[in-house]
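All values below were derived from every heavy atom in this structure, side-chain atoms included, with hydrogens, water molecules and symmetry-related copies excluded. Read the numbers this way: they start at 1 and go in the same order the structure lists the ligands and their atoms.
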Amino acid sequence: MERFTKSKTMIFPREIIVGHNTTPQIAELCDRIGVGTSVLIVADKKTKKLSGDDINKILTKADYDVKFKLVSDPTVGEVNRVIKYGHKHNINLMVGVGGGSVIDVTKLAAYELSEPFISVPTSAAHDGIASPRASLRHSRGSVSKTAVSPLAILADTKIINKAPYRMLASGCADAISNISAVMDWELAHRLKGEEFSSHAAVLSKTAAQLLIDNAEDIRPDSEDSSWLAVKAMIVSGVAMSVAGNTRPASGSEHMFSHMLDHLGPGIMLKGRKYRKPLHGEQCGIGAIMMVYLHGGDWEKIRDALKKIGAPTCSEELGVSKKKIIEALIRAQEIRPERYTILGETGLTQDAAKRLAKTTGVI
Ligand SMILES: [Zn+2]
């Protein structure tokens with residue numbers, strides 16, 4: 001008999017607090033975590049006002065020694081500045097207060113400093129709020145980096161509900177795109193023998209399904225919607241922790257999205273204000289097309305995105321048809337080692353055009 005040699009490490013958040021007006025619970029949460037009293041809050045200008053200042057007050061009142069670091073873009077330079085600051089002040093707990101970017105910077109700095117961090121999302125724009133991965137921007141697009149799962153998550157839906165609805169809709173699209181990511185993962189498992197976790201896959205699909213089933217009820221000015229979105233994102237994050245990689249939530253649709261980032265800014269639509277497409281919006285459109293390629297129920301994805309109010313075509317996304325096609329053709333260059341429905345060489349020009357047209361994306 002073959003000897004059993006398998007082993008695996010999974011790191012999960014220890015405590016997750018979600019709901020209306022949960023911010024005041026930050027002090028007790030830090031007490032329970034009990035890793036020390038030197039806390040660094042990381043936020044940007046907006047999220048400092050939204051929630052960072054309150055957290056500062058609450059923690060200071062509870063005798064924590066609180067430092068504050070303002071960040072702007074999710075870049076390597078910004079992460080390094082936070083690491084340097086953390087070293088200098090002997091920080092033993094970090095609190096990332098913000099949307100995707102701030103959480104990503106905090107996550108990477110915490111990973112490098114080997115200190116735990118609490119994720120305090122102020123919007124639900126993408127599933128990074130609970131995942132062990134972070135993405136950083138550089139001159140030509142973005143890169144995904146290994147970091148660590150938050151030790152705890154404190155999501156105050158009262159605050160998240162104040163964020164522009166577009167961000168929430170984008171976050172929902174990001175979680176719905178788990179459907180194509182899991183299809184890609186299954187394919188890579190069957191064709192390339194890649195390790196596959198059915199538990200992680202089920203969790204990831206459950207998160208997407210929760211939003212597809214409730215798409216009708218996801219709408220602006222409803223704290224219920226924020227609740228659903230955050231819930232789906234946390235389950236997504238847990239799925240990635242179980243898998244030990246981003247496979248459950250990132251496949252060909254994410255490569256398509258990263259390629260759009262790489263190709264540069266969107267176009268100015270005539271007579272309209274320029275709008276920068278959001279990560280989740282791009283992934284949602286990618287998911288429609290990739291599920292089609294898999295022979296899956298792509299209309300179900302499109303309809304759910306429509307109901308939620310996320311873009312389902314190039315015009316709504318604010319990207320030219322030409323760029324959609326180029327991103328489809330070149331998407332697989334983003335991570336050639338990650339096998340997906342795009343295969344090893346990607347789509348041909350004709351196939352890309354047909355795909356985008358058939359699914360109504362262009
Ligand atoms: Zn994503």
Check whether the side chains of Ser72 and Glu78 place a donor and an acceptor atom closer than 3.5 Å, and report yes or no. yes
Would you tell me whether Arg133 and Ser144 have side-chain atoms, one donor and one acceptor, within less than 3.5 Å of each other?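 Side chains of Arg133 and Ser144: pair found under 3.5 Å.
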Shell check on the Zn ion (ligand 1): protein N, O or S atoms less than 2.8 Å away are Asp174 OD1, Asp174 OD2, His254 NE2, His279 NE2
Between Arg247 and Glu195, does any side-chain N to carboxylate O distance fall below 4.0 Å? no
Can a salt bridge be assigned to the pair Glu344 and Lys192 using a cut-off of 4.0 Å between side-chain N and carboxylate O? yes
Between Leu40 and the options Lys69, Glu115, His89, the side chain to side chain contact (heavy atoms under 4.5 Å, CB included) test singles out Lys69
Give a yes/no verdict on a cation-pi contact between Lys48 and Phe68, requiring under 6.0 Å between NZ or CZ and the six-membered ring centre and an angle within 45° of the axis. yes
